[in-house]
Novice: 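Encoded as structure tokens, here's the structure I'll be asking about.
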Protein chains: 2
Amino acid sequence: MTRDGRTGGAPRTRIQQRNRRAILDAALDCFSAHGFRGATLDQIARAAGLSKPNLLYYFPSKDAMHAELLSSLLTTWLDPLRAIDPAGDPVEQILAYVHRKLEMSRDYPRESRLFANEILQGAPRFGDRIGGELKTLVDEKCAVIAQWQAEGRIAPLDPHHLIFSIWATTQHYADFEVQVDEILAQGRAAQFDAAAVFLDTIYRRTLRP
Amino acid sequence: MTRDGRTGGAPRTRIQQRNRRAILDAALDCFSAHGFRGATLDQIARAAGLSKPNLLYYFPSKDAMHAELLSSLLTTWLDPLRAIDPAGDPVEQILAYVHRKLEMSRDYPRESRLFANEILQGAPRFGDRIGGELKTLVDEKCAVIAQWQAEGRIAPLDPHHLIFSIWATTQHYADFEVQVDEILAQGRAAQFDAAAVFLDTIYRRTLRP
DNA sequence: CGTGATCCTGACCGCACGGTCAAACATTTT
DNA sequence: AAAATGTTTGACCGTGCGGTCAGGATCACG
């Protein structure tokens, strides 16, 4: 037994790296598609091409896999917001944020759904992370937006609700993918191109001072 | 044994009405909070104040409860969209739709989350209903919106994505309630008032020809 | 009051789940 | 080549799940 419980502990061997990666990828598939309780270890094991006990050789428990996924997700998930530059052009900064978020929905729909599943069910295993760094970052960026508004550089709008609307409209394409697919009879690429045009338009109109 | 499997079958006695109601209400609580697999019959039974076998006296299975909830949900869920009047004023019609949807998120958050849970996980027990009446209705209303645009009465925007954005922004307040609560430090009523103002503003700006 | 229909429950069943473990297998080190 | 370390697995365990059933309690009604 070599596994330590530490989340960030650098895996020593190549085989550990490969297997941990495979497990987390399979777990992401299952958790995002069926929720935490809906996903089973056997399912994850099969998807990862490993046996169930072998999964538990690399991770102490099902919760541990889920926790690691969520934990490593939050950071990258907030990066686009973090990248909003107070020194940049207000409208372009916010629009760039919209586009980055939309691209994340296109390129990482599983991560979006994992997140959505967790929040939907009351964030039972996420808890303080939301009230913590997320709220801090959001409040910080809202202050920037409020400042821009005070300078008359974008239209006055409740910054928090503006951010909510950006989250909602962009993540919708990942979280509700089956619905979107069913209603739009076209390929994913075309869907996202059209969505980009649409969101660009409405936020440009919305933000114009 | 008196129960027939029919979904619309009118319950004969008062006690049947009361208990079926209580069960469906408890089931809605559980399913919306934990997803289909996450909810257990014992949990639902406790919430309904009945014993587990008694639940299965009124419903043949857990799936049946879930199916009945979803089935009776879809109709009322689409009513606000159905109410869009081609003969009315375009901007006001669409804004009224936005407000109705937002009110549904405020007044029926459990239903919204039940729906979200189902779609998120690929609509495994919903299936053709989406491709059926939902798509039909949406396409119909999109045609109305396209007509309005052709007449120059509202701004040209992809109608499907417009509807997606309305769904996303309004349902967000129900589906991601814990996140919204955590970030906004205020009561629910104030949240929804602010959201109404915000959405009214952005869609007014967006739709103006 | 009696009697048939309806309503309710404790005890139980089979199964699948998360997790354990001892032992086999593989790889590296000495 | 053998010892030590690291990796994998089949078999197993306890629990909680959805669901069943025989029979008891309760009700509606003649």
Side-chain angles (χ1 to χ4, degrees), chain A residues 1-6 9-24 26-31 33-70 117 121 124-125, chain B residues 1-6 9-24 26-31 33-70 117 121 124-125:
Chain A
M1 156 101 66
T2 223
R3 268 275 308 136
D4 52 303
R6 303 197 307 110
R12 314 215 189 293
T13 79
R14 301 284 145 66
I15 194 167
Q16 266 190 35
Q17 272 191 29
R18 176 170 54 85
N19 283 349
R20 280 182 61 91
R21 218 180 270 275
I23 291 171
L24 286 176
L28 180 54
D29 266 348
C30 295
F31 287 140
H34 310 294
F36 178 78
R37 270 215 66 190
T40 72
L41 285 182
D42 296 85
Q43 213 174 29
I44 297 171
R46 205 176 324 119
L50 298 171
S51 69
K52 182 166 66 167
N54 207 3
L55 250 61
L56 295 159
Y57 171 72
Y58 289 100
F59 291 88
S61 69
K62 184 184 177 184
D63 292 76
M65 298 177 205
H66 193 254
E68 179 144 342
L69 280 174
L70 273 186
N117 257 308
Q121 309 195 356
R125 345 171 169 272
Chain B
M1 155 99 68
T2 226
R3 269 273 310 136
D4 51 302
R6 305 199 304 110
R12 315 214 188 295
T13 78
R14 303 285 147 65
I15 195 166
Q16 264 188 37
Q17 274 191 28
R18 177 170 52 87
N19 282 348
R20 279 180 63 90
R21 218 181 272 277
I23 291 170
L24 286 176
L28 180 54
D29 266 347
C30 294
F31 286 141
H34 309 294
F36 179 77
R37 271 213 67 190
T40 73
L41 285 182
D42 296 86
Q43 212 174 29
I44 297 172
R46 206 177 322 119
L50 299 171
S51 70
K52 183 167 65 167
N54 206 5
L55 250 61
L56 295 159
Y57 171 71
Y58 289 100
F59 291 87
S61 69
K62 184 184 176 184
D63 291 76
M65 299 177 203
H66 193 253
E68 178 145 344
L69 280 174
L70 274 186
N117 257 307
Q121 309 194 358
R125 337 167 177 273

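So you know, we letter chains A, B, ... as the sequences are listed, proteins then strands, and number each from 1.
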Novice: Relative to the 5' end of DNA chain C, which residue comes earlier, B:K52 or B:G49, by the nucleotide with the nearest heavy atom?
Specialist: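 Residue closer to the 5' terminus by nearest nucleotide: B:G49.
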
Novice: Check every strand shown and say whether B:A45 touches a base, only sugar-phosphate, or nothing at a heavy-atom separation below 4.0 Å.
Specialist: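 No contact at all - B:A45 keeps every heavy atom at 4.0 Å or more from the nucleic acid.
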
Novice: Write down the atom of B:A26, the atom of B:A47, and the distance for their closest heavy-atom approach.
Specialist: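 That would be CB-CB, 3.7 Å.
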
Novice: Quick one: label B:L56 by what it contacts on the DNA or RNA (base, sugar-phosphate, nothing), any heavy atom closer than 4.0 Å.
Specialist: base

Novice: Compare every heavy atom of A:Y58 with every heavy atom of A:Q16, then report the nearest pair and how far apart it is.
Specialist: CG-CE2, 3.7 Å

Novice: Heavy atoms only, 4.0 Å cut-off, all strands: where does B:I15 land among base, sugar-phosphate and nothing?
Specialist: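 Sugar-phosphate only.
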
Novice: Which heavy atom of A:A39 sits nearest a heavy atom of A:F31, and at what distance?
Specialist: CB-CD2, 3.6 Å

Novice: Within the pair B:Q16 and C:dT6, is there a side-chain N or O less than 4.0 Å away from OP1 or OP2?
Specialist: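 Answer is no, no contact under 4.0 Å.
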
Novice: For C:dG19, does the base pair up with any side-chain atom of A:K62 as donor and acceptor (N or O, under 3.5 Å, distance only)?
Specialist: no

Novice: Nearest-Å distance, NE2 (B:H66) to P (D:dG18)?
Specialist: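 Computing the B:H66:NE2 to D:dG18:P distance gives 13 Å.
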
Novice: If you define the side chain from C-beta out and look only at heavy atoms, does anything of A:H34 sit under 4.5 Å from A:N117?
Specialist: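 Answer no - side chains too far apart.
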
Novice: Taking all non-hydrogen atoms of both residues, which atom of B:L55 and which atom of B:L41 are closest, and how far apart?
Specialist: CD2-O, 3.7 Å

Novice: Taking all heavy atoms of A:L24 and all of A:M65, pick out the closest pair and write down the distance.
Specialist: CD2-O, 4.2 Å

Novice: So B:R37, base contact, sugar-phosphate only, or nothing? Heavy-atom distance under 4.0 Å.
Specialist: sugar-phosphate

Novice: In whole angstroms, how far is the P atom of D:dT8 from the CZ atom of A:F59?
Specialist: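 Going from CZ in A:F59 over to P in D:dT8 covers 13 Å.
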
Novice: Would you kindly give the CD-to-P distance between B:Q43 and D:dC17, to the nearest whole Å?
Specialist: 8 Å

Novice: Base, sugar-phosphate, or nothing for B:A64, non-hydrogen atoms under 4.0 angstrom?
Specialist: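 Contact class for B:A64: none.
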
Novice: Under 4.0 Å: is that the gap between some side-chain N or O of A:Y57 and OP1 or OP2 of D:dT8?
Specialist: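 No, A:Y57 has no side-chain N/O under 4.0 Å of OP1/OP2 on D:dT8.
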
Novice: Which whole-number value in Å describes the distance from A:L41 CG to D:dC12 P?
Specialist: 20 Å

Novice: Write down the distance between CZ (B:R18) and P (C:dC7), rounded to a whole number of angstrom.
Specialist: 10 Å

Novice: Using heavy atoms to find the nearest nucleotide of DNA chain D for A:S51 and B:T40 separately, return the residue whose nucleotide is more 5′.
Specialist: A:S51

Novice: Using whole Å, report how far CG of B:L55 lies from P of C:dG10.
Specialist: 14 Å

Novice: Over how many whole Å does the gap from A:R46 atom CZ to D:dT9 atom P extend?
Specialist: 15 Å

Novice: Can you measure B:D42 atom CG to D:dG19 atom C1' for me and round it to whole angstrom units?
Specialist: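 Going from B:D42 (CG) to D:dG19 (C1'), I get 11 Å.
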
Novice: Please determine whether a side-chain nitrogen or oxygen atom of B:Y58 lies at a distance below 4.0 Å from atom OP1 or OP2 of C:dC8.
Specialist: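 Answer yes for this pair, as a side-chain N or O of B:Y58 is under 4.0 Å from OP1 or OP2.
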
Novice: State whether B:N19 places a side-chain N or O below 4.0 Å from either non-bridging phosphate oxygen (OP1 or OP2) of C:dC8.
Specialist: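 Answer yes for this pair, as a side-chain N or O of B:N19 is under 4.0 Å from OP1 or OP2.
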
Novice: Under 4.0 Å between a side-chain N/O of A:N54 and OP1 or OP2 of D:dT7, yes or no?
Specialist: no

